[in-house]
2 protein chains.
Amino acid sequence: MALGDAILACLTERPMSGYELAKTFDSSIGFFWKADHQQIYRELSKLRDRGHIQGHEVVQSGKPNKLVYTLTQEGRAALRHWGARPSSPPMMKDDLLVRLCALDSFDIEPLRADLMARLEHHRDRYARYERILNKLFPDGKATSVADTGKLLGLRIGLRHEQAVAEWCEEAIETLAAVAKPAPVLLLEDTSRESNS
Amino acid sequence: MALGDAILACLTERPMSGYELAKTFDSSIGFFWKADHQQIYRELSKLRDRGHIQGHEVVQSGKPNKLVYTLTQEGRAALRHWGARPSSPPMMKDDLLVRLCALDSFDIEPLRADLMARLEHHRDRYARYERILNKLFPDGKATSVADTGKLLGLRIGLRHEQAVAEWCEEAIETLAAVAKPAPVLLLEDTSRESNS
DNA sequence: CCGGTTATTTACCGTAACGCGAAAAAGTCA
DNA sequence: TGACTTTTTCGCGTTACGGTAAATAACCGG
């Protein structure tokens with residue numbers, strides 16, 4: 001049930017409609033939390049039923065009206081209460097790691113391609129985080145408490161992307177060394193292995 | 001449906017019963033994948049229905065008999081096929097990061113405690129990985145393809161734990177600096193904020 | 001004014017994943 | 001006999017996630 005709390009956290013910044021929240025979950029928070037618009041609307045209904053948020057219709061010209069949700073006092077309290085509970089470090093559930101565990105049961109080439117795509121992805125992420133960091137904190141210092149949190153979020157993002165990107169490079173090199181020594185064997189080995 | 005594939009990957013090492021798999025998921029693979037015994041048994045049934053694994057009863061003395069599962073040719077093929085599909089980098093869904101996004105809506109102290117627990121956790125993990133590394137690869141070199149995969153798994157584990165641990169230290173320091181400047185205000189601020 | 005696009009919300013349906021509590025079966029040991 | 005380990009299974013529930021799609025509502029282009 002952390003999605004609800006993530007939404008509450010988003011709403012502390014400013015009241016938003018489901019549509020806006022969905023877009024927020026595509027950008028800032030979306031860097032480490034995915035949720036499509038349906039999950040969000042569903043979660044919003046639940047939160048409203050619980051009295052954690054209140055919806056106010058905002059009439060718009062040129063667009064359909066929207067329901068802008070605001071945190072209630074109960075919502076704030078619930079959020080604060082949730083924030084006081086200890087969190088547990090998330091699992092790194094990663095298909096790639098499973099494949100590495102049984103590396104000799106897989107073809108190396110697709111894995112290498114996968115790793116190259118990852119490397120690009122993580123480098124890209126790193127660059128994006130860096131750009132945001134430079135834009136929001138040109139001097140590297142946060143002025144408010146809220147900014148401090150965002151800075152720390154960027155920092156762990158940067159650290160993580162860098163670490164994983166470096167590992168990808170290492171893994172690609174290692175796999176290249178593994179794939180080369182026996183290129184002749186592989187040709188016969190792919191379609192038929194030791195029929196017992 | 002990645003749990004099924006993780007089980008298949010485990011079974012490439014050696015045939016195992018559900019009970020043994022559950023314990024495996026508590027140790028080696030369990031570092032980055034959690035599954036209790038029920039999930040495993042349920043998944044095993046599905047895999048057997050699909051013909052990816054075969055169960056053979058093994059009579060035991062002193063214990064109830066057990067059903068040892070072996071990969072079938074279809075299972076191997078399915079696993080290989082799964083391994084050839086591109087993977088997508090996992091989300092870092094972390095409650096802590098959500099809290100950082102709205103840092104000023106939370107109490108700092110529990111967060112700091114949380115971070116300290118995390119720091120310990122990640123250092124612990126790091127030490128465990130290092131111990132395993134030194135035991136399995138005293139010279140830092142893998143000899144077989146399978147070992148190469150395991151080595152790479154350990155490497156990313158080490159890199160990740162180190163990066164996060166370092167970040168935890170940074171975050172703890174930063175939060176300490178944030179919490180101190182206004183200790184007097186916090187006393188009144190916790191129970192009642194700006195009643196609108 | 002018709003049709004396409006964007007913004008906004010909602011409904012229905014499926015299933016994978018997780019978790020809890022329980023218990024059956026088989027054997028050991030005290 | 002009773003408690004405990006090993007091994008497997010059942011059943012119920014929730015959360016999360018995913019797709020398809022449709023109901024509004026207003027715009028814009030022709």
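The structure presented is a predicted model; accordingly, all values stated were derived computationally and were not measured. Numbered from 1 within each chain, the chains take letters A, B, ... in sequence-line order.
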Protein-nucleotides 4-6 of chain C N/O pairs under 3.5 Å:
none

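- Straight-line distance from the CD atom of A:Glu43 to the C1' atom of C:dT9: 16 Å, rounded to whole Å.
- Contacts of B:Glu120 classified as salt bridge (charged side-chain N to carboxylate O under 4.0 Å, His left out), with partners at least two apart in sequence or in another chain: none.
- The NZ atom of B:Lys66 sits 17 Å away from the C1' atom of C:dA25 (whole-angstrom rounding).
- Of the residues near DNA chain D, A:His37 and A:Trp33, the one whose nearest nucleotide (by heavy atom distance) lies more toward the 5' end is A:Trp33.
- Residue contacts shown for A:Ser17 are limited to sugar-phosphate atoms, with no base heavy atom under 4.0 Å away.
- Salt bridge B:Glu161/B:Arg128: absent, no basic N to carboxylate O contact under 4.0 Å.
- Taking the charged nitrogens against the carboxylate oxygens, A:Arg99 and A:Asp114 do have a contact shorter than 4.0 Å, which makes a salt bridge.
- A side-chain N or O of A:Ser87 and one of B:Arg118 form a donor-acceptor pair less than 3.5 Å apart.
- Between the base of C:dG19 and the side chain of B:Gln39 there is no donor-acceptor pair shorter than 3.5 Å.
- OP1 or OP2 of D:dT8 has at least one side-chain nitrogen or oxygen of B:Tyr41 nearer than 4.0 Å.
- For the residue pair B:Thr174 and A:Arg155, no side-chain donor N or O sits within less than 3.5 Å of a side-chain acceptor on the partner.
- Separating the CD atom of B:Glu57 from the P atom of D:dT8 is a distance of 9 Å, rounded to the nearest angstrom.
- A donor N or O paired with an acceptor N or O is found under 3.5 Å between the base of D:dT20 and the side-chain atoms of A:Gln38.
- The NZ atom of B:Lys23 sits 6 Å away from the P atom of D:dT6 (whole-angstrom rounding).
- Checking each of B:Thr70, B:Leu21, B:Leu79 against B:Leu11 for a side chain to side chain contact (heavy atoms under 4.5 Å, CB included) leaves exactly one that passes, namely B:Leu21.
- Whole-Å rounding puts the A:Asp95 CG to C:dA16 C1' distance at 14 Å.
- Comparing A:Ser45 and A:Arg42 by the nucleotide of DNA chain C whose heavy atom lies nearest to each, the residue mapping closer to the 5' end is A:Ser45.
- Side-chain contact check for B:Glu43 and B:Gln39: no donor-acceptor pair (N or O, by modelled atom type) lies under 3.5 Å.
- Computed from coordinates, the B:Ile40 CD1 to D:dT9 P distance equals 13 Å when rounded to whole Å.
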